[in-house]
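Taking it in order: structure first as structure tokens, then the write-up.
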Amino acid sequence: QVQLAESGGGLVQPGGSLKLSCAASGFAFSRYWMAWFRQAPGKEREFVATTNWSGGSNDYRDSVKGRFTISRDNAKNTVYLQMNSLKPEDTAVYYCAARFGSTWSRSRDGYDYWGQGTQVTVSS
């Protein structure tokens, strides 16, 4: 069975940091692009970051550039999202996703597998 299991979410004050993890199993992890999406209350699920097969090429939405870093460890079948300088507008459920394709994608429809999500709340 394919599984993506996010962890690391929680409550943090503005300016703080969190590191999210997503442990994958049941598919050829190193053959897939991996990504993070998020969904805030009342909003559509939106792209956050993606990384290619080796982790050598990354892409981010503009609002998180310079603050978030995506990385992967293929030996551990795990993708990470380091989040620094967090803002209240970063509050959302964060999901990891896997894509079997030749290029990156920022679209929900481009991804084959999804995790259940982990809550990140940034508040004073």
List the atom of G8, the atom of T118, and the distance in Å for their closest heavy-atom pair. N-OG1, 4.3 Å
What are the two closest heavy atoms between Q39 and K43, and how far apart are they? NE2-O, 3.2 Å
Kindly indicate whether the side chain of W33, heavy atoms from C-beta on, has any atom under 4.5 Å from the side chain of W53. yes
With the side chain counted from C-beta on, respond yes when L20 and V120 share a heavy-atom pair under 4.5 Å apart, and no when they do not. yes
Should Y95 and I70 be counted in the same cluster of Ile, Leu, Val, Met, Phe, Trp and Tyr side chains packed under 4.5 Å apart? no
Please report the closest heavy-atom contact between G110 and R99, naming both atoms and the distance. O-NH1, 3.0 Å
Taking C-beta and beyond as the side chain, do M83 and V64 meet within less than 4.5 Å on heavy atoms? no
Flag side-chain contact, heavy atom, 4.5 Å: E6 against Y94: no
What orientation do Y32 and F27 show, parallel under 30°, tilted 30 to 60°, or perpendicular over 60°? perpendicular
Check whether any side-chain N or O of R108 sits under 3.5 Å from a backbone N or O of E46 as a donor-acceptor pair, and report yes or no. no
Q119 atom CD, over 12 foreign heavy atoms within 6.0 Å: yes
Looking at side-chain heavy atoms only, is the closest gap between F68 and W36 below 4.5 Å? no
Show the nearest heavy-atom pair for residues T91 and A40, with the distance to one decimal. O-CB, 3.5 Å
Spacing of OG belonging to S63 relative to CD belonging to E89, to within rounding of 0.5 Å: 8.0 Å
Taking all heavy atoms of A24 and all of L4, pick out the closest pair and write down the distance. CB-CD2, 3.4 Å
Would you mind reporting whether N52 and W104 have side-chain heavy atoms less than 4.5 Å apart? no
Which pair of heavy atoms, one from S17 and one from S85, lies closest together, and at what distance? OG-N, 4.3 Å
For residues D90 and R67, determine if any side-chain heavy atom of one lies less than 4.5 Å from a side-chain heavy atom of the other. yes
Under 6.0 Å between ring centres: does that hold for F37 and Y111? yes
